[in-house]
Protein chains: 2
Amino acid sequence: MSTVSIKDIARVAKVSHSTVSRALHNSPLVSWETAERIRRIAKEMGYRPSAIARSLVTRKTKTIGVVVTTIADPFIAEVVSGIEEVANDHGYSVFLANSNADPDREIKVVHSFHERRVDGILVTASRVGALYMDHLSQMKVPIVLINNQHPGEFAHSVMIDNVTASRVATEHLIQLGHRRIAYIGDQFGYQSDTERFAGYRQALERAGLTFQPELVVHGDGKPEGGMRAMERLLALAPPPTAVFCYNDMTALGALRVARMRGVRVPEDISLVGFDDLFIASYTEPPLTTIRQPKRQMGRQAMVLLLQLLKGEDSQQTIWVQGELIIRASTAPPRKEEAYVRPRS
Amino acid sequence: MSTVSIKDIARVAKVSHSTVSRALHNSPLVSWETAERIRRIAKEMGYRPSAIARSLVTRKTKTIGVVVTTIADPFIAEVVSGIEEVANDHGYSVFLANSNADPDREIKVVHSFHERRVDGILVTASRVGALYMDHLSQMKVPIVLINNQHPGEFAHSVMIDNVTASRVATEHLIQLGHRRIAYIGDQFGYQSDTERFAGYRQALERAGLTFQPELVVHGDGKPEGGMRAMERLLALAPPPTAVFCYNDMTALGALRVARMRGVRVPEDISLVGFDDLFIASYTEPPLTTIRQPKRQMGRQAMVLLLQLLKGEDSQQTIWVQGELIIRASTAPPRKEEAYVRPRS
DNA sequence: CCGATTGTTGAAAACGTGTGCAACCATGAG
DNA sequence: CTCATGGTTGCACACGTTTTCAACAATCGG
């Protein structure tokens, strides 16, 4: 009794509930006067249609499921914010679920979305298990992946052009005069790490610099991993004059270690990150990095999903470009070091 | 036909759909053998119950609505992560909606949640409009607010004890020997700004220090506001030897200005923040701040909501305590300055 | 052997909405 | 005046569940 239904309105207006339904949908099948009267009554009674009941008959819920590793990741939060913006503008509500990169939780989430009959799914997880993918694809619902690590065939995706962006970042260092440039990657096996590493090598190659395996170390995508990796790099003799990091979090760790060891940035060593998290402009020194258009990527992913929901088939993958943001963590190498290599 | 229903299973198992429903609920009303057979068939057919249909009859959706100003705010993201964790553990799915502090969007969100028949609502918005509150309370659904600015009577809430935490933060500075301590607040009118300011004054009073109005300036809760405020403080003669900031974002701006002006932290001026965002431990120097147990607050809010949903009436407000995290942005004042005031 | 009890099953209504179809009424044309 | 037409409206079913109630069969006690 607390919530008013279409039938309650019908009773008051002395019409059938069908007429009420039509009136509230501005159907031309109902006369203007009665329609107006019904709408007025509905408003007075504080009527709110039940999306539940409507979904049951229309077989569309106007909801989408968003699964992320964790919303506490600032990169992901920005993307989700973009998703939510256009979803909401189009009358869709978003279910948010964290997977915590835990396989058990992942399948729980998929089942949940399935039972809730979401119209579509967006995935912003750093790693999507194969088994997980199977479950996802089984629910016969459009899926859009964002920066997915395992490029699948069955789903659409929005991806950043890692190779080009990384090449540009590395070329920036080369152009400053650096010759001994290190790369701190993510854990092995990640698609985006592989691609960013490829961009790094491409830049080296184009500049005619020989690739030196000892300058490549791996972190874990987080500051802790960046710290361990940087320790190893600084122990080298001679150490690199510049470091390209897999992402800003890694760079944060590297930066901290440099400071602890009394290595000045950028005077003694240059540092480049990737992502352009909010934090990147507030480090000391502010971090040169590759900007990923995070919100924009979220928006585009949702727009793509909307197209799929409308039945229009769209391009399989949307590529977006990163942008080099030059701040204060990069500078030319010290004179003596810059010329050491060419001479040898 | 793509999705299999309870009736499809009934047809295959040659029983009524009622029996299927009971079998899947492990009801004692159905014999073990047939129940087991039905469950096997259901599994084979890949059956997933429709939460939609179930909700329609049970009048419970097992969903909650979470409204935030923006999920891109790292503080909020942490809280939401805590909410989602316990919600999911209890079979609840969460609808996420950003209000962007825009009144129009706020009421759109409320209507959306209402039509979706969410079982409860959580609000983590820095400011909730009065009109907005009206709409919220009209839907006769349990509501829990987190750090709400306008303490309302109709809703439950989880709040941090701003006054005590701020007093502790300020006392830390006093204990280090500071006498000329500034406060950079948020915009006027915010409840939490008022409370944190009160804690600051309380500490001053207890230490027998006279309150100096020119040492209180206002930012906007973001780095930009912190920068403007810090500029004003550094223009004072003499400038303060320590600054207590409304939050870490504000402190970030203050820190940047100090650096730009060649004022060393903490040698020339000490800085304290509030929130303990992830970033706080990666600034240079790492920031002394008050830690808010963000995830924990989200969890507790959800637990509180669960209690309300069960019909147990719980305490109106849960208070949580902040924790002083001492890092490297605070130190005793320089000798000459420390003794300037006592002498005068 | 019969009535009562227990265990198992199906029929049907309900939740709130959308919609095809039939029915009704008024109007205009012939 | 009759018939066709077009504009409004109501009836009834459907969506996929849960749940009450009645019905049925088997078993048990007397």
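Being a predicted model, the structure only gives us computed values, none of them experimental.
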Does a side-chain N or O from Ser18(A) land closer than 4.0 Å to OP1 or OP2 of dC11(D), or not? no

Is a salt bridge present between Glu36(B) and Arg40(B), judged by a nitrogen-to-oxygen distance below 4.0 Å? no

Taking CD1 from Ile6(B) and C1' from dG10(C), how many angstroms apart are they, rounded to a whole number? 13 Å

Among dT17(C), dT17(D), dG10(C), which nucleotide sits nearest the side chain of Ser50(A)? dT17(C)

Base, sugar-phosphate, or nothing: which does His17(B) touch, judged by heavy atoms less than 4.0 Å apart? base

Pairwise 5' ranking along DNA chain D for Thr58(A) and Arg22(B), keeping only the more 5' one: Thr58(A)

Candidates dT9(C), dG16(D), dT9(D) - which lies nearest the side chain of Val30(B): dT9(C)

Closest to the Ala53(A) side chain, choosing from dG10(C), dG16(D), dG16(C): dG16(C)

Specify the separation, in whole Å, of atom CZ of Arg59(A) and atom C1' of dT19(C). 15 Å

Could you tell me the separation between the CG atom of Asn26(A) and the P atom of dT19(C), rounded to a whole number of Å? 14 Å

Do the side chain of Ser21(A) and the base of dT17(C) come within less than 3.5 angstrom through a donor-acceptor pair of N or O atoms? no

What is the separation between atom CG on Leu56(A) and atom P on dA14(C), rounded to the nearest whole Å? 17 Å

Any luck finding a side-chain donor-acceptor pair between Ser18(B) and Ser21(B) under 3.5 Å? no

Go through dT8(D), dG10(D), dG16(D) for me and flag the one nearest to the Ser16(A) side chain. dG10(D)

By nearest-nucleotide position on DNA chain D, the 5'-leaning member of Leu29(B) and Lys7(B) is Lys7(B)

Under 3.5 Å side-chain donor-acceptor pair for Arg39(B) and Asn26(B): yes

Interatomic distance, Ile38(B) CD1 vs dG10(C) C1' [rounded to whole Å]: 12 Å

Does a nitrogen or oxygen in the side chain of Arg54(A) sit under 4.0 Å from OP1 or OP2 of dG18(C)? yes

Considering only heavy side-chain atoms of His25(A), the closest of dG10(C), dT18(D), dG18(C) is dG18(C)

Taking dG10(D), dG18(C), dT17(D) as options, the one with an atom nearest any side-chain atom of Tyr47(B) is dT17(D)

Glu33(B) CD to dT8(C) P, in whole Å, measures 8 Å

Could you tell me whether the side chain of Ser55(B) and the main chain of Lys60(B) form a donor-acceptor pair under 3.5 Å? yes

As a test of reading the structure: which of dT9(C), dT9(D), dG16(C) is closest to the side chain of Thr34(B), going by heavy atoms? dT9(C)

Taking the six-membered ring for Trp, are Phe95(B) and Phe95(A) parallel (under 30°), tilted (30 to 60°) or perpendicular (over 60°)? parallel

Find the distance Trp32(A):CH2 to dT9(D):P and express it as a whole number of Å. 14 Å

Report the residue (Arg48(A) or Thr19(B)) whose heavy-atom-nearest nucleotide on DNA chain C is the more 5′ of the two. Thr19(B)

Whole angstrom value for the distance that separates P of dG16(D) from CG of Leu24(B): 15 Å

Do the charged groups of Asp119(A) and Arg59(A) touch, with an N to O distance under 4.0 Å? no

